[in-house]
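Chain letters run A, B, ... following the sequence lines, proteins first and then strands; every chain starts at 1.
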There are 2 protein chains.
Amino acid sequence: MIRLDRRDIIQTLLIVRSTPVQVSGGDLQRLRQQNTLNSLRVLREARAPLTLTELVAQTGLSRASVGDVVAELQQRGWIAEVDPTPGTLGRPAKRYRFRTDVGHVLGIDIGVHKVLAVVTDLAGRVIASGRVAVDRHTARHERLEAVWRAIDAALVAAGRAASDLWGVTAGSTGVVNREGLVTRVHDLPDWAGVELAGHLGQRLPCPITIENDSKLAALAEQRLGVAAGVQDLVYLHVGRRPGAALILNGRLHHGFSGATGEVGLMEVTGWRTMAGHLEGCRAAVGASPEEAARLVFDAARAGDREAQAAVDTYAHHLALGTAAMVLTLDPELVVLGGGFSRSADVLLPALNRALEPHCVRVPDIRPSTLGEECVALGGACLALDDVDERLFSLEGAILDPAAPQGVS
Amino acid sequence: MIRLDRRDIIQTLLIVRSTPVQVSGGDLQRLRQQNTLNSLRVLREARAPLTLTELVAQTGLSRASVGDVVAELQQRGWIAEVDPTPGTLGRPAKRYRFRTDVGHVLGIDIGVHKVLAVVTDLAGRVIASGRVAVDRHTARHERLEAVWRAIDAALVAAGRAASDLWGVTAGSTGVVNREGLVTRVHDLPDWAGVELAGHLGQRLPCPITIENDSKLAALAEQRLGVAAGVQDLVYLHVGRRPGAALILNGRLHHGFSGATGEVGLMEVTGWRTMAGHLEGCRAAVGASPEEAARLVFDAARAGDREAQAAVDTYAHHLALGTAAMVLTLDPELVVLGGGFSRSADVLLPALNRALEPHCVRVPDIRPSTLGEECVALGGACLALDDVDERLFSLEGAILDPAAPQGVS
DNA sequence: GTGAATATCTATGGAGCCTGTAATAAAGGG
DNA sequence: CCCTTTATTACAGGCTCCATAGATATTCAC
């Protein structure tokens with residue numbers, strides 16, 4: 001993850017405070033700015049366009065002030081007037097809505113088999129996407145070329161230019177450190193050390209964040225998927241090489257060097273070799289490694305005893321690493337994502353049974369509801385988080401939607 | 001973790017919240033309140049008393065406004081004037097300091113062998129403490145009685161009454177859930193299910209929080225001890241029954257049911273029985289279980305091969321559980337606390353060696369610098385955090401130090 | 001000891017923002 | 001066409017902040 005913000009550590013005589021000093025009072029114009037941003041936020045989070053009266057109720061300001069604020073927001077282009085709804089008693093009130101189309105963000109999934117770029121508006125709605133197929137043997141420069149093709153396709157389909165983007169987040173396999181550098185990769189031999197942020201920055205004039213793909217998938221599930229609103233969760237990527245990502249206290253946990261959720265590196269868990277139990281099954285004979293697992297899950301579902309035993313063995317090993325994380329973190333929820341989660345109807349009960357003996361309280365386990373776009377969507381979520389922070393912080397407030405890139 | 005505040009409950013019954021959305025702008029008086037709190041915070045976190053000019057520089061307000069604000073704060077009793085420092089050029093400026101003595105908090109450690117209560121001022125300085133010895137066989141009501149004796153002793157020594165307390169946090173062994181109930185205890189047979197918050201609330205008219213003891217120790221290390229300022233850390237309680245607590249993103253991680261850091265429950269780690277490797281040593285023959293470990297560490301330090309092997313075995317098991325947490329969370333630091341940490345000179349290198357093969361990056365490991373008061377100190381820290389939140393949030397701002405319990 | 005230099009404090013005027021109230025405008029129903 | 005209901009507009013009043021200028025207190029140089 002890039003964008004290292006080093007908060008000052010304020011020391012009192014004895015105590016190191018957890019909350020840094022933030023100056024947020026001040027000028028009268030500051031107050032107006034705060035009220036403006038507050039109104040904008042209320043409008044942004046409302047499901048439907050709001051009338052001034054509704055806005056008055058929700059912001060606590062007087063009608064006159066809200067009127068002023070709304071006029072300024074409209075003039076600056078942040079909000080738009082909507083046709084008043086007829087059929088109400090009395091004089092119909094003007095309605096205003098947040099203009100979700102004044103800015104866009106880009107989420108990119110740079111995977112082993114595909115590159116996917118999605119363009120969303122400020123509400124997180126997907127406007128368009130671009131997809132380019134690659135494979136394990138695609139060289140680094142070709143993969144980077146594919147990234148640009150996917151981005152261009154998505155932008156063209158969305159009818160937008162790179163200058164319309166307010167933020168970009170790309171997800172990559174491998175460990176991504178605080179500086180946005182990909183430090184360790186298993187799947188792609190020449191991918192380690194790639195300078196993604198710098199590369200993308202050559203043509204994308206906005207803040208760029210690089211993050212691990214599983215982490216972005218976890219974020220997507222927490223924002224848009226099956227874990228909506230859950231504060232503490234473990235995202236389990238189940239596939240040939242399982243992995244994990246954590247949402248703690250509602251935020252993505254990045255770790256000191258980016259290497260979180262790597263419990264599978266411990267030999268006792270058997271995560272490195274556990275897929276072999278599935279591939280060695282009779283039900284998988286002759287199939288490619290990618291297809292083997294699905295065949296075995298299908299066979300297990302159909303009642304094949306050997307396949308069921310293989311699934312149980314796989315689940316047993318998966319449970320070892322999962323239990324370590326669950327016992328450490330006591331999350332509310334475990335989300336099953338990744339390729340094998342499509343066979344969650346077979347895998348989930350097996351995992352539940354295997355976790356039982358280890359855990360004090362087996363958390364709720366749910367299969368992912370997002371498809372293979374989850375990483376790109378999570379990238380868009382993270383970029384939108386960043387936009388939000390810039391937009392609603394008084395310090396770096398974006399006053400004019402025309403030039404949002406000007407951070408701080 | 002609980003926050004018992006009867007006034008809160010009454011208000012909730014009476015007041016129907018009109019605005020679900022959090023409002024933070026608003027009135028002109030609100031702006032003044034914000035500026036006042038801001039100035040108070042700057043004064044509170046300054047190392048030395050400040051002049052008006054310095055305050056002007058740090059708050060960004062004009063001299064006139066700061067003058068007003070300071071006059072009000074002084075009149076309300078939050079700050080005090082200090083004798084001007086002579087020897088400066090020009091007219092000497094008045095200096096003001098935050099009055100750390102207007103409020104106090106209480107941190108309580110309800111342990112197996114002792115009950116310790118510390119009274120601190122608002123800067124976290126320990127004013128007085130009270131200590132009562134108990135043991136494993138002390139019955140529940142006797143232990144609760146001991147808690148009151150420790151509290152009373154600390155209050156008497158501090159020259160304060162219960163009504164002077166702005167917050168109380170008690171640390172207890174066992175798992176403490178979100179409601180503040182002690183749900184699972186190993187050491188004390190009749191302690192599970194004790195209603196600590198309700199019990200303490202009978203005579204302490206302020207917000208009361210109950211938390212697990214290791215968690216409070218971790219917090220103390222992050223605020224006052226060896227981990228000052230570290231955002232992500234694993235606190236390892238090494239003793240006959242090892243445990244762990246986590247600070248993530250600068251905050252105590254409580255977990256969904258409070259059972260975090262329980263990786264030792266997995267049989268493969270061997271945490272439940274690993275102390276036996278030390279106690280079985282020749283160096284420990286005849287010693288009580290409490291003393292055995294220290295004797296073995298001493299022998300290992302002196303060169304006893306058998307003792308060194310026992311320490312290595314202990315460290316090997318400790319490393320298994322620690323590696324699971326480190327690989328999961330990728331913390332910046334691991335803090336060694338608990339009884340055995342006094343022999344950190346022997347244990348720490350052994351643990352480091354044992355972690356090496358498991359971890360990608362072995363985090364920094366440091367022994368605790370706080371003594372056995374760490375749990376009570378951590379309690380005071382948590383209570384102070386809560387005071388801070390009430391003090392500096394606009395919603396529940398404490399306007400008058402005379403009656404701080406009245407939140408909002 | 002006296003005056004210059006420096007920095008703080010005190011007081012006043014002006015501007016901006018929010019609030020509340022009264023008057024005006026716009027729709028639907030009878 | 002008039003009445004009811006609701007939204008908008010206009011204006012006075014109060015509060016807070018800022019800028020400026022003059023008064024005050026201390027140190028330093030001679």
For [X] and [N], what is the distance between atoms [atom1] and [atom2] respectively, to the nearest whole Å?
X     : N      : atom1 : atom2 : answer
A/E54 : D/dA7  : CD    : C1'   : 12 Å
B/L61 : D/dC17 : CG    : P     : 7 Å
A/D68 : C/dC17 : CG    : P     : 9 Å
B/E81 : C/dT8  : CD    : C1'   : 13 Å
B/L55 : C/dT8  : CG    : P     : 13 Å
A/N38 : C/dC17 : CG    : C1'   : 16 Å
A/L50 : D/dA7  : CG    : P     : 13 Å
B/L31 : C/dT19 : CG    : P     : 12 Å

Look at the side-chain N and O atoms of [X] and state whether any lies under 4.0 Å from the OP1 or OP2 oxygen of [N].
X     : N      : answer
A/S65 : C/dC17 : no
B/N35 : D/dT16 : no
A/R32 : C/dC18 : yes

Response to the item:
With B for base contact, S for sugar-phosphate-only contact and - for none (protein heavy atoms under 4.0 Å), nucleotides 8-15 of chain D reads B-----BB
Worksheet item: Does A/D232 reach the main-chain N or O of A/N249 with its side chain, forming a donor-acceptor pair under 3.5 Å?
Response: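 Looks like yes, one N/O pair under 3.5 Å.
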Worksheet item: Counting N and O atoms only, with roles assigned by atom type, does the side chain of B/R390 sit under 3.5 Å from a partner on the main chain of B/W166, one being a donor and the other an acceptor?
Response: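 Indeed, once roles are kept as given, a pair shorter than 3.5 Å links the two residues.
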Worksheet item: With B/T36, which residues qualify under side chain to side chain contact (heavy atoms under 4.5 Å, CB included), at least two apart?
Response: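 Residues passing side chain to side chain contact (heavy atoms under 4.5 Å, CB included) with B/T36: B/R32, B/V69, B/E72, B/L73.
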Discussion item. Less than 4.0 angstrom from a charged side-chain N to a carboxylate O is my criterion; do B/R223 and B/D385 meet it?
Written reply: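 Salt bridge flag = yes for B/D385 with B/R223.
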Worksheet item: Should the pair A/D388-A/R41 be classified as a salt bridge under the 4.0 Å nitrogen-to-oxygen rule?
Response: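 Salt bridge: no.
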Discussion item. On a heavy-atom basis, which atom in A/H104 and which in A/I127 lie closest, and how many Å separate them?
Written reply: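 Minimum heavy-atom separation between A/H104 and A/I127: CD2-CG1, 4.0 Å.
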Worksheet entry | Positive for side chain to side chain contact (heavy atoms under 4.5 Å, CB included) with B/Q58, one of B/L43, B/L50, B/V66, B/T53 |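 Only one of B/L43, B/L50, B/V66, B/T53 forms a side chain to side chain contact (heavy atoms under 4.5 Å, CB included) with B/Q58, namely B/L50.
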